[in-house]
Amino acid sequence: MFEVWAPLASSVDVEIDGNRHPMTRGEDGWWSAEVPGAGHGTDYRFSLDGGPGLPDPRSRRQPEGIFGPSRVHEHDRFEWGDDLWHGRALPGSVIYELHVGTFTPEGTFDAAIGKLPHLTELGVGFVEVMPVPPVPGTRNWGYDGVDLWAVTENYGGPDGFKRFVDACHRHGLGVILDVVHNHLGPSGNFLAPFGPYFNPSAASFWGQAVNLDGPGSDEVRRYFVDNALQWLRDYHVDGLRLDAVHALHDARAVHLLEEMAVEVEALSASLGRPLTLIAESDLNDPRLITPREAGGYGLAAAWNDDVHHALHVAVTGERHGYYDDFGRDVTGTLAKVLTSGYYHDGTFSSFRGRSHGRPARHVPAHRFVCAAQNHDQIGNRAAGDRMPPEALRLAAGLLLTSPFTPMLFMGEEWGARTPFLFFTDHVEPQLREGEGERRRREFVGHGYDDWADKAPDPGEELTFLRSKLDWSELDDDAHRAHLDWYRALIALRRTHPELTDPRLDRVGVAHGDDWLLVRRGGLRIAANLGPVPLTVRTGPGNVLLALDPATTLTGSELLLPARSLAVLEAG
């Protein structure tokens, strides 16, 4: 059965092998047709009012890319091997974010499967995969996707993704998929002819906003809710990271995010395993992650950039753009985010020129996903440069002993030197040639005035190739020592319940100009952010883990070398 929503069309045909078969209009603008002999593997397009054939808005497979025909793909043909998988809860877990195309030299799901033992040995609980729908050309971050129900053939197509999820589950790893519902990419976007999918008056820097509250929006909302359910049900994914939800323009009484949370909760009950929705939001609004019974949207978690910014400023000294707000009282700012979640909780933001956010100290800290690095904070730098390893080790020590849900970005666990640059492969010349300038304009005011001098052409294949991880770095002693530090921190997090306790009111922080002493139950995390050794009064105890072997505890005083961190157990 072929079905498509096209409420404004007078006639719709399904085109197969050059032949057009008329479809019958049903209720609410849905059209359908039975075509004898068609089934799994059949290529097809839809024609509206006798026009050219277009891909199915709900296409499950695009074997020839975004401009090619759709292909019937029956999900239940795949043989799963994860029968014993009962899901994984987010609290207490560590997330590992990766981009399939640059995670391995081959850049495929099957190649990524070969690296899963590395992740299990690292100790993470979830793999977060950047978007996988079809995109222009052969390389992209994934946020230019258009056929949102399909999986790019560049990585291995729908069955390749299922093999990856299946393998993750057999390795004890949950899978979170990054999905983009706030806009579609500029190339190969054929949704508009089918119906009122887009808001005629709202847009973001990335493109026209989707229609969530105007005429015809009931089916548009259904399109995105059903898309979310597909990934969780048909691909066995354990959670979704919802991209830039602040760009979802929805004035309805029940926001799309709340509607989606209700439906996902029902699916979770049906499947018998936890399903997680994580919002990326620039709003600093705890309503996203407040239970519905208390007037919130009921999402499981949200990214918290304030924690990233505070960590980044503290260990790198950078103060440009939005970092300026976090650099005026470095240790005081760190103390606030570690005990309050948000730094901007109604405070004035000089970067925005207004007050921003609302308090969130009542929220369990595991609902904040926090990182020292992620794809945005590396890739949105002109040179795609990562944090220096010595700074990253210090940031990781503070992050992985924090009450939040930590997230790592691929390669940071061994101090990867490869950049993660912004790259695309647009087919249309005007998009390909203008991408670099568009990218520069997006970050005006962020302190990257030398963007044009530092940023390589996003459309050059070399930009993509330079962003691939170099796994041979693990043969180097310095990289292995870096990896050992991460493994030890994650192991400590697993064995000491104080470190996964999400109650912010049980986190105590004392601080000076260059030092921080965090109290987590019977543990103390002491950090020296300055360039010279210093002594911190911690109370008696023993050192469990130290970044620098020269760290010494004498009585109640800890001697911390420059830019180092130690975890102590109180005596």
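This structure is a prediction, so every number in the text was calculated from the model and none was measured. Heads up: numbering here begins at 1 and tracks the sequence.
- Judged by distance alone, the side chain of Glu557 and the main-chain N or O of Thr535 form no donor-acceptor pair under 3.5 Å.
- Here the two rings, on Tyr322 and His356, have centers that are 6.0 Å apart or farther.
- Of all non-hydrogen atoms in His511 and Ala335, the two that sit nearest each other are CD2-CB, 3.8 Å.
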For Asn284 and Asp345, run side chain to side chain donor-acceptor pair (under 3.5 Å): C-alpha distance rounded to whole Å, both residues' side-chain angles, the deciding distance at 0.1 Å, then the answer. CA-CA 7 Å; Asn284 280 23; Asp345 54 6; over 6 Å; no
Would you mind writing out the side-chain donor-acceptor pairs for residues 289-298 within the sub-3.5 Å range, not counting sequence neighbours?
residue : atom : partner : partner atom : Å
Thr290  : OG1  : Pro286  : O            : 2.7
Arg292  : NH2  : Glu265  : OE1          : 3.1
Arg292  : NH2  : Glu265  : OE2          : 3.1

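- Annotation: side chain of Arg381 is in contact with side chain of Glu318 (closest heavy-atom distance under 4.5 Å).
- Checked against a 6.0 Å centroid threshold, the rings of Phe161 and Tyr235 count as neighbours.
- Nearest heavy atom pair, residue His246 against residue Asp282, reads ND1-N, 3.0 Å.
- You'll find the side chain of Arg354 stays beyond 4.5 Å of the side chain of Ser349, heavy atoms only.
- Pairing each heavy atom of His249 with each of Ala209, the nearest pair is CD2-CB, 3.6 Å.
- Within the 3.5 Å criterion, the main-chain N or O of His308 finds no donor-acceptor partner in the side chain of Asp305.
- His482 has its ring centre less than 6.0 Å from the ring centre of Tyr486.
- By the 30° and 60° cut-offs, the orientation of the rings of Trp85 relative to His169 is parallel.
- Between the side chain of Arg563 and the main chain of Pro561, no donor-acceptor pair closer than 3.5 Å is present.
- Side-chain contact check for Leu469 versus Thr102: every heavy-atom pair is 4.5 Å or farther apart.
- Side-chain contact between Leu544 and Leu492 is present, with heavy atoms from C-beta onward closer than 4.5 Å.
- Geometrically, Arg241 engages Trp303 in a cation-pi contact, judged by NZ or CZ lying under 6.0 Å from the ring centre and within 45° of the ring axis.
- Ring centers of Tyr155 and Phe164: at least 6.0 Å apart, outside the cut-off.
- The closest side-chain heavy-atom distance from Asp178 to Asp243 is below 4.5 Å.
- A centroid separation of less than 6.0 Å is found between the aromatic rings of Phe409 and Phe420.
- By the salt bridge (charged side-chain N to carboxylate O under 4.0 Å, His left out) test, Glu473 pairs with no residue at all, sequence neighbours left out.
- Taking the six-membered ring where the residue is Trp, Phe326 and Tyr343 present tilted rings, their angle falling between 30° and 60°.
- The side-chain heavy atoms of Leu334 and Leu398, taken from C-beta on, include a pair separated by under 4.5 Å.
- A salt bridge between Asp476 and Arg480 is absent, with no side-chain N of the basic residue lying under 4.0 Å from a carboxylate O of the acidic one.
- For the pair Leu257/Leu288, a side-chain contact is recorded, criterion being any heavy-atom separation below 4.5 Å from C-beta on.
- The two residues Ser564 and Leu560 have their closest heavy-atom pair at OG-CD2, 3.5 Å.
- Of all heavy-atom pairs between Tyr96 and Met410, the closest is OH-CA, 3.2 Å.
- Of the possible polar contacts, one joining the Asn227 side chain to the Leu148 backbone as a donor-acceptor pair under 3.5 Å is found.
- The backbone N or O of Ala251 sits less than 3.5 Å from a side-chain atom of Asp213, completing a donor-acceptor pair.
- Checked for salt-bridge contact, Arg361 and Asp505 miss the test: no charged N lies under 4.0 Å from a carboxylate O.
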ring-ring contact (aromatic ring centres under 6.0 Å, His included) between Tyr342 and Phe368, worked out: CA-CA 9 Å; Tyr342 291 136; Phe368 291 118; 5.1 Å; yes
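- Considering Glu259, Glu263, Glu258 as possible partners of Arg221, the one that fulfils the salt bridge (Lys or Arg N to Asp or Glu O under 4.0 Å) test is Glu259.
- Side chains of Ser350 and Asp325: a donor on one and an acceptor on the other come within 3.5 Å.
- Asp548 and Arg393 are not joined by a salt bridge, as no carboxylate oxygen comes within less than 4.0 angstrom of a charged side-chain nitrogen.
- We find that Arg487 and Glu121 are joined by a salt bridge, their nearest charged nitrogen and carboxylate oxygen being less than 4.0 Å apart.
- In the model, Asp82 has a side-chain atom that pairs as donor or acceptor with a side-chain atom of His236 under 3.5 Å.
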Could you walk me through whether Glu413 and His118 pass the side chain to side chain donor-acceptor pair (under 3.5 Å) check? CA-CA 11 Å; Glu413 72 274 20; His118 168 82; 2.7 Å; yes
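- Looking at His479 and Arg417, their side chains do bring a donor and an acceptor atom within 3.5 Å of each other.
- At least one side-chain heavy atom of Leu116 sits under 4.5 Å from a side-chain heavy atom of Leu173.
- Note: Trp141 and His375 meet the aromatic proximity criterion, with ring centroids under 6.0 Å apart.
- Side chain to side chain, Asp514 and Asn528 fail the donor-acceptor criterion of an N or O pair below 3.5 Å.
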